[in-house]
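Structure below; questions to follow.
Values below: every heavy atom of this structure, side chains too, minus hydrogens, waters and symmetry copies. Residue numbers run from 1 in the order of the sequence given.
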Amino acid sequence: MFFRDLNRILLLTLFFGAVTVQGSSATTGDGVAIVMDRTSAESLKTLEELRTMNAQLLTLFRVTGWRQPRHCKIVLSEEVPKGELRTEFKPQEWTLHFNDRDGDWRSDYSLRRKLFGLLLLAKVPNSIPPPSSDFLPGWIAAGLEARLRNARESETLLRRNRWLPVLRALAEQDTFPDFHRMRMIDPQLLPSPARVWYEELSRVMLELGSERSGVIDNALLDYCILSTIPAGSENQNFLSTLGRVLLEGAAKERIFDSIGREQWDEMTEAEKLQRILERQARRMAFNEYFPQPVHLIVAAFESLDPVSFPVLNEKGEPTGEQLRFPLAEFPEHILGRLDAQQQQIALRNRILALREGNSISGRLLLENLAEALMLLPLQAQVRSTNNPAPAIDRFRQEIARIRADLERRAKIEDLLERTEQENRIPAEFYDKAIREAEQPAFFFTDREKDFLDRVEREWLDD
């Protein structure tokens with residue numbers, strides 16, 4: 001009990017160190033004023049949540065350090081009906097009023113979407129009040145909610161320590177939904193379990209969009225600003241902003257290397273964007289703290305074997321034919337080729353690319369293999385003057401070490417999986433279904449909800 005209260009006290013102490021509190025108001029670091037109509041534990045939770053929401057906007061949309069073009073104020077008031085957001089727009093001040101009683105606003109998607117949108121727009125110079133307060137695209141708000149949820153859970157202390165079960169499940173099955181169609185969905189219409197899926201997938205688009213945007217070419221922010229125009233086309237807005245920078249980033253990172261340049265060039269823009277976002281989803285699903293399952297790592301490593309080289313003629317030009325051979329025979333086949341260094345570097349890049357989503361020990365083994373690869377002699381005269389055996393032996397030993405490590409990890413995973421299944425209790429299988437059944441669908445009227453509650457009570461009494 002003591003340590004639980006102490007933890008709460010420490011959190012509040014750290015929180016108040018980040019804001020300036022005067023009576024019943026507080027100011028965030030970038031100048032957003034939060035005015036409370038009371039001082040209580042509940043209002044402090046609201047204050048902390050609003051500060052976190054604002055910090056997410058500053059980080060993702062790269063508006064940190066901007067001189068605020070206008071004063072933005074959030075007023076918490078019991079007089080405002082729950083779920084409603086009242087706004088006052090003046091040239092130098094935007095004021096947002098809502099009711100935070102009972103904490104219901106934390107799960108009110110519609111209200112939070114409006115708060116996110118107006119808080120962001122208030123930070124943009126020369127912006128005007130939007131015709132509608134719920135202009136922010138639904139997937140943007142859903143992605144923000146996913147980040148906030150994980151910040152309270154797995155990512156509390158370490159940003160890289162993220163656990164995204166939906167992305168992991170989809171990546172393991174190598175099946176992803178159409179991200180273009182996802183952008184057209186209104187998450188407010190989704191039931192709770194489906195919204196969790198939607199939020200994780202939206203986070204993929206949001207974080208990659210933020211990563212590809214810059215201070216000068218802020219495509220993510222531009223996309224949100226264009227969304228304030230009611231008559232605008234969402235697809236056109238996306239392609240002219242985020243779609244553009246995602247395709248440019250893919251070209252710089254040479255994503256097409258994995259499928260071939262010719263096949264990449266034949267794909268439509270929509271197909272390229274889908275491939276780019278699927279790649280980002282896999283990157284986010286796995287990390288060194290929650291690595292890929294062994295069967296995926298094995299499949300990725302075995303994709304290196306056999307190695308394929310283009311057959312060259314006497315002038316060193318490709319003949320159109322391919323030479324395939326085991327990875328362990330690479331040292332013999334690379335010897336004396338005119339493109340030896342090019343093929344060596346290409347294989348090294350493919351090996352190092354397997355580090356993403358791998359465990360810390362697995363990453364080290366791959367780096368050792370890449371290092372051994374780069375020490376192989378490429379020219380016949382080098383082999384004649386030096387003994388190549390140690391370099392070749394080391395290269396083959398590193399391959400053997402990786403395969404032995406994967407075999408060992410597969411046995412460990414199998415043992416842990418069997419132990420977990422043997423010790424699971426029935427409640428774990430039905431817990432989510434029970435909790436979902438306890439929450440009537442949002443489209444039920446109050447009379448229908450009362451009827452369901454009455455039938456449930458009668459059934460339990462019997």
Side-chain angles (χ1 to χ4, degrees), residues 5 7-61 63-64 66 68-124 127 129-130 132-136 138 140-142 144-149 151-152 187-188 224 442:
D5 293 339
N7 183 49
R8 173 109 181 126
I9 293 170
L10 289 174
L11 286 173
L12 292 176
T13 303
L14 291 172
F15 168 69
F16 281 116
V19 296
T20 304
V21 179
Q22 297 177 344
S24 59
S25 66
T27 305
T28 63
D30 68 327
V32 177
I34 303 173
V35 182
M36 298 171 287
D37 59 349
R38 71 199 188 288
T39 302
S40 65
E42 184 182 347
S43 64
L44 292 178
K45 290 180 181 178
T46 298
L47 199 58
E48 183 176 357
E49 180 73 1
L50 288 171
R51 179 186 68 85
T52 307
M53 292 170 66
N54 188 66
Q56 290 287 342
L57 295 174
L58 293 174
T59 301
L60 286 168
F61 292 88
V63 289
T64 306
W66 285 13
Q68 298 302 311
R70 62 184 60 81
H71 182 56
C72 184
K73 182 166 63 175
I74 300 175
V75 179
L76 309 177
S77 173
E78 189 177 15
E79 297 178 359
V80 181
K82 287 185 178 181
E84 183 178 327
L85 180 67
R86 293 180 179 173
T87 58
E88 296 178 31
F89 298 116
K90 298 178 182 179
Q92 299 302 320
E93 182 178 80
W94 287 10
T95 306
L96 315 177
H97 303 258
F98 75 95
N99 189 338
D100 71 324
R101 293 300 193 277
D102 301 326
D104 294 341
W105 75 280
R106 294 190 190 90
S107 58
D108 189 333
Y109 172 81
S110 178
L111 173 61
R112 291 170 68 88
R113 176 181 177 180
K114 295 174 184 177
L115 280 171
F116 276 128
L118 292 174
L119 274 174
L120 175 63
L121 201 59
K123 305 178 191 302
V124 180
S127 59
S132 173
S133 297
D134 60 351
F135 68 90
L136 191 70
I140 295 279
L144 287 164
E145 293 292 358
R147 284 176 58 92
L148 287 171
R149 183 178 63 252
R152 302 185 196 103
Q188 189 174 349
C224 293
F442 66 91

- Of all residues at least two apart in sequence or in a different chain, which pass the side chain to side chain donor-acceptor pair (under 3.5 Å) check with N99? none
- State which residues pass side-chain contact (heavy atoms from CB on, under 4.5 Å) with A55; sequence neighbours excluded, sorted by chain then number. none
- Can you check whether F61 reaches I140 side chain to side chain, under 4.5 Å on heavy atoms? yes
- Message: Just verifying a value: how many Å separate L120 CG and C224 SG, rounded to the nearest 0.5 Å?
- Response: 5.5 Å
- Message: Would you compute the distance between atom NZ of K123 and atom CG of D30 and round it to the nearest 0.5 angstrom?
- Response: 3.5 Å
- Query: Partners of R112 by salt bridge (Lys or Arg N to Asp or Glu O under 4.0 Å), sequence neighbours excluded?
  - Reply: E49, E145
- Item | N/O donor-acceptor pair under 3.5 Å between Y109 side chain and G138 backbone | yes
- Rounded to the nearest 0.5 Å, what separation is found between the CG atom of L47 and the OG1 atom of T52? 9.5 Å
- Message: Before you tell me yes or no, could you show the steps for K82 and D102 under side-chain contact (heavy atoms from CB on, under 4.5 Å), namely the whole-Å CA-CA distance, both residues' side-chain angles and the distance that decides it to 0.1 Å?
- Response: CA-CA 10 Å; K82 287 185 178 181; D102 301 326; 2.4 Å; yes
- Task: Go through the structure and list residues passing salt bridge (Lys or Arg N to Asp or Glu O under 4.0 Å) with R101, not counting sequence neighbours.
- Result: D37, E78
- Message: Quick one: does any side-chain atom of R51 pair with a main-chain N or O of T28 as donor and acceptor, under 3.5 Å?
- Response: no
- Message: Could you walk me through whether H97 and E79 satisfy the side-chain hydrogen bond (donor to acceptor under 3.5 Å, both in side chains) test, starting with their C-alpha distance in whole Å, then the side-chain angles of each, then the deciding distance to 0.1 Å, before giving a yes or no?
- Response: CA-CA 9 Å; H97 303 258; E79 297 178 359; over 6 Å; no
- Task: Applying salt bridge (Lys or Arg N to Asp or Glu O under 4.0 Å), name anything that partners E84, two or more places apart in sequence or on another chain.
- Result: R86
- Do the rings of W94 and F89 sit parallel, tilted or perpendicular, given the 30° and 60° boundaries? perpendicular
- Task: Using the test side-chain contact (heavy atoms from CB on, under 4.5 Å), find all partners of S40 that sit at least two apart in sequence or belong to another chain.
- Result: R38, E42, S43
- Please step through side-chain contact (heavy atoms from CB on, under 4.5 Å) for the pair S127 and R70, ending with a clear verdict. CA-CA 10 Å; S127 59; R70 62 184 60 81; 3.1 Å; yes
- Query: Heavy atoms, side chains only, cut-off 4.5 Å: are V63 and L57 in contact?
  - Reply: no
- Query: Do you know the tightest heavy-atom contact between P69 and A122?
  - Reply: CG-O, 3.5 Å
- Note on the structure: Separation between CG (D134) and CD (Q188), nearest 0.5 Å, reads 8.5 Å
- Among all residues two or more places apart in sequence or in another chain, which pass the side-chain contact (heavy atoms from CB on, under 4.5 Å) test with S133? T87, K114, L118
- Query: CG of N54 to CD1 of I74: how many Å apart, nearest 0.5 Å?
  - Reply: 7.0 Å
- Message: Measuring only between side-chain heavy atoms, which start at C-beta, is L144 closer than 4.5 Å to M53?
- Response: no
- Atom NZ of K90 and atom NE2 of H71: how far apart are they, to the nearest 0.5 Å? 10.5 Å
- Task: Could you pull out all residues at least two apart from D108 that satisfy side-chain contact (heavy atoms from CB on, under 4.5 Å)?
- Result: S110, L111
- Task: Take M36 and T46 through the side-chain contact (heavy atoms from CB on, under 4.5 Å) test and state the conclusion after the steps.
- Result: CA-CA 9 Å; M36 298 171 287; T46 298; over 6 Å; no
